[in-house]
Structure formats: C-alpha cells, structure tokens
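Encoded as structure tokens, the structure appears first; notes follow it.
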Amino acid sequence: MITEQITADIVRIRVGGWPGVNVYLIEEPDGLTVVDTGFFLHGKTLARAAGGRPVRRIVLTHFHPDHSGGCAELQRLTGAPVLVHELDRPFVQGTRRIEDEPGWWVTRFMLRMVRLVGMGSTASPARLDLLREGDRLGRLQVLHTPGHTPGHCSFWDGKETLFCGDNLVNMSRFGTGIPIWTLDHAAQKQSIARYRGLGVRLVLSGHGRPWRGDLDGFLA
C-alpha cells in the first residue's frame with residue numbers, strides 16, 4: 001500500500017502490485033467518502049487506512065473487480081453504504097456477467113479470464129444503493145460516463161477536481177484508459193467529451209499518478 005496526500009483533504013491509496021489501483025479517501029464534514037475499494041483482499045487494508053475516522057459512504061466508479069472487490073468487506077467493517085450506478089449494480093451483485101453483455105468481445109473475454117482465475121472474486125455488499133446522474137454525495141456530483149462499463153461514473157467536486165475512474169489514466173502517459181478493458185469505445189469517447197467545460201485542473205484516475213493541468217486544453 002502506498003499513500004499520498006494529494007490535497008489537504010484528499011488522500012490517494014495505491015493498492016496491489018504495479019501499476020496497482022487507486023482508492024481515494026476524501027475528508028468531508030461528516031466523515032470520509034471512499035472512492036473505489038481495490039480487489040477483494042483490500043477491504044481490511046482500507047478500513048485500517050481510515051484510521052478510526054467514520055466512513056460515511058463508499059462510492060464505486062464501476063464494477064470491475066479491481067475497483068469494487070473490497071466494497072463488501074469495507075462495508076462490513078464500517079457500516080457505510082456502497083453506491084454504484086444501476087447499470088453496474090447487477091455485476092457487483094453477481095446476478096449478471098459481463099461476458100453475456102453486448103460489447104467488444106476482447107473485453108468480455110478478458111474479464112471472463114479474470115473471473116475464472118479468481119481475481120474477479122467479490123462479495124456482494126449487504127447494502128447497495130444506486131448512483132444517478134446529477135446526484136450529490138458530499139461535495140461530489142455524479143456524472144454517468146459509460147463506455148468502460150455500462151454504469152461507469154465520474155465524480156466532480158464542482159470546482160477543479162475530477163475522479164474519472166478508468167476513462168483517463170496517467171501511467172506511462174496521460175490519456176484514455178487501456179482499450180482492452182473498455183466495452184464500448186464510442187460511448188467512452190462521448191463520456192470523456194463531457195469533461196470539457198468543467199474547468200478541471202486535477203484529474204484523479206483509477207490507475208497511475210494524479211494529473212495536473214488544463215483538461216479542457218488537453219481534450220481540445
């Protein structure tokens with residue numbers, strides 16, 4: 001686990017081996033908002049990282065097991081609700097499988113392999129609430145930005161910070177996420193275009209380091 005203080009009230013926690021997956025802890029007046037939860041082994045790690053501070057909500061950008069896997073354990077340990085978009089909810093619950101959905105066959109095949117080797121293991125949380133476009137979660141506004149998954153969501157703080165899930169990543173370079181994990185590339189392109197005009201200057205993605213700059217200029 002690698003911890004990095006991004007701003008006075010946002011901490012990035014990188015879990016897993018390289019390149020790892022990012023989890024974010026956001027300080028709110030009523031406690032912590034947790035964005036994504038890593039793999040199924042990381043729930044206890046994140047509960048310890050909270051350091052006794054109350055976790056008020058656990059929000060998922062999407063259902064992939066490296067982002068939702070630890071949510072049930074983290075909920076069990078903290079009592080916080082888990083929130084995910086309704087189109088990704090059945091995948092978190094395990095009532096649907098992505099390989100049965102329409103979309104790029106490569107992505108469906110890759111996610112099937114992840115599940116078959118056990119890395120897709122995830123328990124369904126006891127309480128699973130829904131995210132909807134325009135919802136407010138503490139300081140965050142929900143943007144439904146599908147393509148990577150049907151219910152992929154981004155979270156914008158109304159000012160300069162965007163939690164973009166896997167739509168954009170900053171690993172060897174900053175840009176669109178790795179194509180083989182994205183079910184619908186055309187939809188993802190439209191979703192990324194939604195970021196224009198928000199005035200974003202800090203992008204916090206699911207993988208890689210924070211990116212600082214003029215996102216409108218980058219996307220132009």
Side-chain angles (χ1 to χ4, degrees), residues 10 21-38 54-72 74-75 78-98 100-103 111 122-168 177 181-200 202-206 215:
I10 299 174
V21 59
N22 293 327
V23 176
Y24 297 97
L25 306 185
I26 307 170
E27 289 274 7
E28 299 278 10
D30 62 345
L32 293 177
T33 294
V34 179
V35 178
D36 288 338
T37 62
V55 176
R56 296 304 185 194
R57 58 194 68 85
I58 303 162
V59 299
L60 304 179
T61 58
H62 60 293
F63 78 87
H64 284 171
D66 55 336
H67 294 261
S68 71
C71 69
L74 185 57
Q75 180 181 84
T78 65
V82 176
L83 298 100
V84 67
H85 192 275
E86 61 184 337
L87 294 180
D88 274 15
R89 182 181 188 178
F91 303 113
V92 176
Q93 292 175 319
T95 58
R96 285 166 64 184
R97 292 179 176 173
I98 195 64
D100 299 326
E101 302 300 308
L111 289 170
T122 182
S124 181
R127 176 181 174 186
L128 190 56
D129 296 342
L130 295 182
L131 297 174
R132 296 180 177 85
E133 170 74 26
D135 282 354
R136 290 278 182 179
L137 306 168
R139 81 184 71 175
L140 301 179
Q141 178 180 339
V142 178
L143 306 175
H144 179 213
T145 51
H148 187 66
T149 69
H152 186 284
C153 286
S154 304
F155 308 110
W156 177 48
D157 75 345
K159 296 178 181 178
E160 296 186 341
T161 302
L162 176 73
F163 298 84
C164 67
D166 282 2
N167 277 342
L168 298 168
W181 302 111
T182 295
L183 196 64
D184 186 333
H185 294 92
Q188 184 188 55
K189 185 176 180 179
Q190 292 176 348
S191 291
I192 292 172
R194 288 196 62 196
Y195 301 151
R196 295 193 188 105
L198 296 179
V200 173
L202 174 59
V203 178
L204 302 176
S205 62
L215 186 60

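Quick note: residue numbers are just sequence positions, from 1. As the structure is a prediction and not an experimental result, all values here were calculated from the model.
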Next on the checklist: Please determine whether a side-chain nitrogen of the Lys or Arg among R139 and E28 lies less than 4.0 Å from a carboxylate oxygen of the Asp or Glu.
Outcome noted: yes
Item to check | S154 and Y195 side chains, donor-acceptor separation under 3.5 Å | outcome: yes
Checklist entry - Per the side-chain contact (heavy atoms from CB on, under 4.5 Å) rule, which among L60, V34, V59 passes with V82? => result L60
Checklist entry - In Å, rounded to the nearest 0.5 Å, how long is the span from CD of E27 to CG of L32? => result 5.0 Å
Item to check | Residue pair F91, R97: steps toward the side chain to side chain contact (heavy atoms under 4.5 Å, CB included) verdict | outcome: CA-CA 6 Å; F91 303 113; R97 292 179 176 173; 5.7 Å; no
Checklist entry - Does H148 offer a backbone N or O that forms a donor-acceptor pair with the side chain of T182 under 3.5 Å? => result no
Checklist entry - Hey, is R96 close enough to E101 for a salt bridge, meaning N to O under 4.0 Å? => result yes
Item to check | Exam field: side chain Q75 to backbone R127, donor-acceptor pair closer than 3.5 Å | outcome: yes
Checklist entry - Do H85 and H62 meet the criterion of a side-chain donor-acceptor pair at a distance under 3.5 Å? => result no
Checklist outcome for this item: Of L137, L128, V142, the one forming a side-chain contact (heavy atoms from CB on, under 4.5 Å) with L83 is L137
Next on the checklist: If I compare all heavy atoms of I58 with all of C71, which pair ends up nearest, and what's the gap?
Outcome noted: CD1-O, 4.4 Å
Item to check | Short side-chain to backbone donor-acceptor contact, D66 and G69, under 3.5 Å | outcome: no
Item to check | Audit row: F155, F163, ring-ring contact (aromatic ring centres under 6.0 Å, His included) steps and yes/no | outcome: CA-CA 5 Å; F155 308 110; F163 298 84; 7.2 Å; no
Checklist entry - Side chain of E133, backbone of H144: donor and acceptor closer than 3.5 Å? => result yes
Next on the checklist: Distance alone, cut at 3.5 Å: any donor-acceptor contact between the side chains of T61 and D36?
Outcome noted: yes
Checklist entry - Heavy-atom distance under 4.5 Å between the side chains of L25 and V55, does that happen here? => result no
Checklist entry - Would H67 and T37 count as a side chain to side chain contact (heavy atoms under 4.5 Å, CB included) if you check the C-alpha gap in whole Å, the side-chain angles of each, and the deciding distance to 0.1 Å? => result CA-CA 5 Å; H67 294 261; T37 62; over 6 Å; no
Next on the checklist: Nearest 0.5 Å, please: how far is CG in D184 from NE2 in H152?
Outcome noted: 13.0 Å
Next on the checklist: Please check this pair: side chain of S191 against backbone of P146, looking for a donor-acceptor N/O pair closer than 3.5 Å.
Outcome noted: yes
Checklist entry - Say you draw a straight line from OG1 of T33 to CG of L140; how long is it, rounded to the nearest 0.5 Å? => result 6.0 Å
